[in-house]
Amino acid sequence: MSSRRPSSRQSSGGVSRISDDQIIALVSKLRHLLPEIRDNRSDKVSASKVLQETCNYIRSLHKEVEDLSDRLSQLLATIDAESAEAAIIRSLLM
């Protein structure tokens, strides 16, 4: 028998397990996607820092979407409901 860990997901009682290799690959991809990490130019950023920055970035994107939605709703309330502009705004909100 080998004590080597499998390199892919395995199911244990219905729970999927992610391998260390998959976690490392995910963290590596996130490092390249996050502006705060990417601009840092340091390869020594910990995985927990990358994951924390990912959560912060997702929260900030969510806030931006909420703000834009609010602004579009306000704009829609101030223009003629039958105008072409109103139709464009309604399509953006859906």
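We find the OG-CD1 distance between S28 and I23 to be 13.5 Å, quoted to the nearest 0.5 Å. Of the inter-residue distances, the one linking I58 atom CD1 with L34 atom CG reads 8.5 Å to the nearest 0.5 angstrom. In this structure, CG in L51 is found 7.0 Å from CG in L26, a value given to the nearest 0.5 Å. A distance of 12.0 Å separates CG in L61 from CZ in R59, rounded to the nearest 0.5 Å. Here K49 contributes atom NZ and T54 contributes atom OG1; the two are 10.5 Å apart, rounded to the nearest 0.5 Å.
Side-chain atoms of S69 never come within 3.5 Å of backbone atoms of V65 as a donor-acceptor pair (strictly under, hydrogens ignored).
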> Run the side chain to side chain donor-acceptor pair (under 3.5 Å) check on N56 and Q52 step by step: do they pass?
Replying inline: CA-CA 6 Å; N56 292 341; Q52 182 63 46; 3.2 Å; yes
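Of all heavy-atom pairs between V50 and V27, the closest is CG1-O, 3.9 Å.
Follow the hydrophobic side-chain contacts under 4.5 Å out from L68 and you never reach I88; the two are in separate clusters.
Salt-bridge formation is not detected for the pair R71/D67: no Lys NZ or Arg NE/NH1/NH2 atom is positioned less than 4.0 Å from an Asp or Glu carboxylate oxygen.
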Cut-off 3.5 Å, no hydrogens considered: what does the side-chain donor-acceptor table look like for residues 75-86, sequence neighbours left out?
{"from": "T78", "atom 1": "OG1", "to": "L75", "atom 2": "O", "distance (Å)": "2.8"}
{"from": "D80", "atom 1": "OD1", "to": "E82", "atom 2": "N", "distance (Å)": "3.4"}
{"from": "S83", "atom 1": "OG", "to": "D80", "atom 2": "O", "distance (Å)": "2.9"}
{"from": "S83", "atom 1": "OG", "to": "E85", "atom 2": "OE1", "distance (Å)": "3.3"}
{"from": "S83", "atom 1": "OG", "to": "A86", "atom 2": "N", "distance (Å)": "3.2"}

